Amino acid sequence: MATTSSGPDVAVVGFAQSPNVRSTNGTTNGVEMLVPTLREALGQVGMSKDDVGFWCSGSSDYLAGRAFSFVAAVDAVGPFPPVNESHVEMDAAWALFEAWVKILTGEVNTAVVYGFGKSSAGDLQRVLAMQHDPYLVAPLWPDAVGLAGLQARLGIESGRWSERAMAEVAARSRADARENPRAQFSGEVCADDLLAEPYLADPLRAHDCAPITDGASVVVLASAERARELRENPAWITGLQHRIDSPGFSRDLTASPSTTAAARAAGADGVELAELAAPFTHQELLLREALGLGEHVRVNPSGGLLCGNPLFAAGLSRVGEAAGRVLRGEAGRVLAHATNGPLLQQNLVCVMEGRS
Amino acid sequence: MVTDAKPLTAPLEVAFDYTRSLGGTLGAFMTALRQRRITGTRGSDGRVHVPPAEYDPDTAEPLTDLVEVGQEGTVLTWSWVDAPREGQPLEHPFAWALVRLDGADTPMLHAVDVGSPERMRTGMRVRLRWVAEPAGHIRDIACFEPACFEPAGHPAGEAGGTAESAAAPDSPPASSQPGGGEPVTMMTTPVRLHYTHSASPVETRYLQGLAEGRLLGQRCPECGQVYVPPRGACPTDGVPTEQEVEVAGTGTITTFCVVNVPFLGQRITPPYVAAHVLLDGADIPVQHLVLGCEVDEVRMGMRVEAVWKPREEWEHTMENIDHFRPNGEPDAPYESYSQHL
């Protein structure tokens with residue numbers, strides 16, 4: 001089950017991302033970030049916009065502060081004559097899911113998936129409060145960092161992880177990000193130094209939290225036939241699943257049953273590398289456990305969200321980063337994870353592999 | 001050419017009042033809040049959910065067995081907020097906490113007013129503090145405070161409390177059913193989100209042009225179409241537009257409508273004409289007002305010119321053009337604008 005797939009195959013054949021930066025001068029409809037990123041991704045496989053069977057994007061009007069911002073974003077595609085297009089108000093990893101299904105139906109044989117977000121446009125902590133229960137939680141305007149602190153402390157005090165283990169996640173991520181030219185943060189830091197820093201939101205320090213990032217990313221998908229024409233070493237999707245947990249705080253916040261269920265359904269055994277959408281250090285530790293990743297599995301060689309977190313593109317970037325390892329022949333079987341909602345409420349797992 | 005100048009930006013506030021109907025379960029919860037009581041619902045497994053779950057998490061059955069619980073509870077976990085944000089329960093540093101009230105089996109999120117993180121710990125006992133005038137809203141709960149109150153040197157007791165919470169900018173307006181015994185059925189939550197809106201580089205050039213009394217567009221390097229206002233990318237080719245083009249203040253009406261309907265905020269008395277004007281040198285029309293002739297004289301192909309406001313009133317806006325009016329030229333032939341409708 002774990003290494004086989006049923007039905008027609010779909011592969012990732014291209015990936016590009018804009019620089020992950022604290023703020024851009026561009027508009028919130030993402031066009032300025034998307035135009036060069038789309039061009040780079042299509043250029044990798046020698047495609048033009050007319051070769052694309054389906055376009056699907058992920059973004060958020062709340063982040064943009066304007067209605068239907070994704071409608072303006074399609075200018076980056078060149079949507080005349082009209083194109084086959086769709087959008088999800090979620091991380092673009094879920095747009096990838098829709099595009100994957102579209103190819104599986106046989107209706108199209110290529111798809112371009114893109115996500116974008118200009119988190120710097122608004123007061124992000126207030127914007128993120130809008131994702132909570134509107135009756136009981138959102139009126140308190142909880143900030144995402146404060147909520148993550150509640151989750152982190154539950155794990156610390158129950159012995160599931162420690163502040164040191166969290167700092168080591170941050171140090172490893174920043175060290176790995178030195179190889180990622182699009183990362184927002186990178187460098188050599190040691191856990192001891194990080195632990196000497198003051199708390200940002202006790203028990204979280206600044207290094208435990210993903211930065212505020214503007215960015216966009218693009219993934220190109222193709223059917224089996226087209227993938228072999230377009231790329232030497234496609235990253236074949238062997239499993240792609242998503243699951244969701246309750247939005248309430250009564251669930252066990254130190255576990256992620258939806259991640260575990262998605263991984264089981266996707267067939268995640270035997271991966272050697274994983275790109276995880278963990279915007280807080282403790283969430284990487286939580287996800288490792290939920291996914292059953294052993295010590296030998298390399299996690300977030302890109303630096304992960306802690307080194308660049310372009311909301312609504314960050315999960316798609318995990319798919320692209322993991323696929324890139326296969327495309328470049330650096331890894332054989334990889335896993336990508338994406339998340340939506342507060343405290344890892346909804347989770348997607350994509351398993352990919354190379355075939356010689 | 002697009003300059004590297006920083007784009008124009010402006011503050012943008014998105015504001016609305018979320019007005020929601022509550023339904024039976026949450027309505028009962030809010031009604032009890034107004035009476036300074038906390039209620040939950042009993043699930044199929046006997047667990048008491050506070051705040052109430054409307055449906056059983058395991059069986060999805062509607063939960064109607066309401067249970068009153070205590071107003072003291074236990075902190076299950078917490079995090080510290082050094083710099084409270086707009087709208088949060090307290091304006092001075094506080095702890096977010098998950099609090100399990102006595103008699104409840106699930107925790108609720110709220111603030112604990114405890115002064116400093118050194119006084120905060122998991123397992124501590126806290127009690128609920130009400131606002132001065134509960135209105136049937138989750139914000140009737142001002143916050144929690146340590147159950148063993150230590151008045152000496154405790155800053156929370158002086159600075160915190162109901163008065164401040166009631167004055168918080170995002171505190172709810174009075175309930176639509178104040179006082180009395182009527183059940184609470186609705187709640188309103190004001191939402192205020194603050195952004196910095198950025199114009200794109202080409203929009204910036206366009207707006208700066210307007211401030212100088214000029215109409216600037218951009219030409220697509222691939223298809224040659226001229227966009228006024230300019231767009232970041234050509235919607236036909238998906239490439240950035242690169243060549244700046246100044247277009248005329250004269251143009252042709254491609255289509256129009258006669259506005260007969262009054263509406264809130266209307267600045268001109270109906271009837272009047274809103275038209276698409278294809279400016280000479282542009283490939284997409286702009287929408288504007290046509291004055292200076294009888295409404296029934298306006299027609300497709302009519303030639304018009306921009307009437308600018310006095311120079312001292314110019315800003316970065318298309319409103320610098322007050323309206324268009326007929327310029328007396330013969331009508332443009334249909335073929336000249338048939339591809340621009």
Side-chain angles (χ1 to χ4, degrees), chain A residues 24-29 31-32 34-36 38-39 49 62 64-66 74-81 118 120-123 125-127 129-130 133-143 145-154 157 199-204 246 248-251 253, chain B residues 6-7 9 12 14 18 20 22 26 29-30 49 51 53 57 76-82 85-89 95-98 105-111 117 120 122 137-139 170 172 187 189 191-201 203 231-240:
Chain A
T24 58
N25 281 341
T27 59
T28 52
N29 63 34
V31 168
E32 297 81 4
L34 284 167
V35 166
L38 284 163
R39 181 173 293 187
K49 75 176 182 88
Y62 270 113
R66 58 196 288 187
V74 297
D75 265 10
V77 166
F80 184 86
K118 183 178 174 176
S120 68
D123 177 350
Q125 294 296 322
R126 259 175 90 78
V127 170
M130 302 308 299
D133 175 304
Y135 299 96
L136 303 167
V137 180
L140 305 177
W141 295 95
D143 49 285
V145 173
L147 287 180
L150 299 177
Q151 184 182 43
R153 187 181 305 281
L154 282 168
E157 294 186 348
Y199 287 118
L200 177 69
D202 185 350
L204 298 178
S246 161
F249 299 121
S250 59
R251 65 185 169 97
L253 295 175
Chain B
K6 203 170 160 57
T9 62
L12 169 70
V14 176
Y18 255 133
R20 297 174 180 276
L22 291 165
L26 287 174
F29 175 73
M30 298 298 180
H49 299 266
L76 302 188
T77 182
W78 59 276
S79 63
W80 190 254
V81 180
D82 265 327
R85 293 172 174 275
E86 178 186 351
Q88 293 185 335
W96 286 119
L98 293 180
D105 292 290
T106 64
M108 69 183 298
L109 174 73
H110 221 294
M120 194 68 202
T122 300
H137 193 282
I138 189 66
R139 296 293 294 255
D170 283 308
M187 69 178 277
T189 301
V191 172
R192 302 280 179 274
L193 297 172
H194 316 285
Y195 299 87
T196 300
H197 181 74
S198 297
S200 71
E203 285 168 345
R231 309 167 77 115
C234 171
T236 300
D237 298 295
V239 298

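All of these numbers come straight from a predicted model, not from anything done at the bench. Atoms considered below: every heavy atom in the structure, side chains included; atoms not considered: hydrogens, waters and symmetry mates. Proteins get letters first, then strands, A, B, ... in listed order; numbering begins at 1 in each.
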Side chains of [X] and [Y], heavy atoms from C-beta outward: is any pair under 4.5 Å?
X	Y	value
L204(A)	W80(B)	no
Q88(B)	D143(A)	yes
L140(A)	W96(B)	yes
V31(A)	R231(B)	no
L76(B)	R153(A)	no
R20(B)	Y135(A)	yes
Y195(B)	K118(A)	no

Please state whether the side chain, the backbone, both or neither of [X] comes within less than 4.5 Å of a heavy atom of chain A.
X	value
A97(B)	backbone
M120(B)	neither
L109(B)	both

So which part of [X] gets closer than 4.5 Å to some heavy atom of chain B, the side chain, the backbone, both or neither?
X	value
V35(A)	side chain
L38(A)	neither
P142(A)	both
A129(A)	neither
R39(A)	side chain
A201(A)	both

Side chain to side chain contact (heavy atoms under 4.5 Å, CB included), that's the test. Do D82(B) and Y199(A) meet it? Break it down for me.
CA-CA 9 Å; D82(B) 265 327; Y199(A) 287 118; 6.0 Å; no
Side chain to side chain contact (heavy atoms under 4.5 Å, CB included) for V137(A) and M108(B)? Distances and angles first, verdict last.
CA-CA 9 Å; V137(A) 180; M108(B) 69 183 298; over 6 Å; no
Scanning both residues in full, the closest heavy-atom pair of G65(A) with V14(B) reads O-CG2, 3.7 Å
Using a 4.5 angstrom heavy-atom cutoff, name the option from L12(B), L98(B), T106(B), L22(B) with the most pairs to chain A.
L98(B)
Selection from V81(B), I138(B), T77(B), L193(B) maximising heavy-atom pairs under 4.5 Å formed with chain A:
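The candidate making the most pairs under 4.5 Å is T77(B).
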Most chain B-contacting option - heavy-atom pairs closer than 4.5 Å, from S120(A), A152(A), P134(A), A64(A)
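Greatest number of close heavy-atom pairs with chain B: P134(A).
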Can you tell which of L150(A), D123(A), T27(A) has the highest number of heavy-atom pairs within less than 4.5 Å of chain B?
L150(A)
Run the side-chain contact (heavy atoms from CB on, under 4.5 Å) test against D237(B) and tell me which residues pass, sequence neighbours left out.
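Expected list: C220(B), E222(B), C223(B), C234(B), V239(B).
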Can you name the residues that form a side-chain contact (heavy atoms from CB on, under 4.5 Å) with P57(B), not counting sequence neighbours?
H49(B)
Could you measure the distance from the NE2 atom of H194(B) to the CZ atom of R126(A)? Nearest 0.5 Å is fine.
4.5 Å
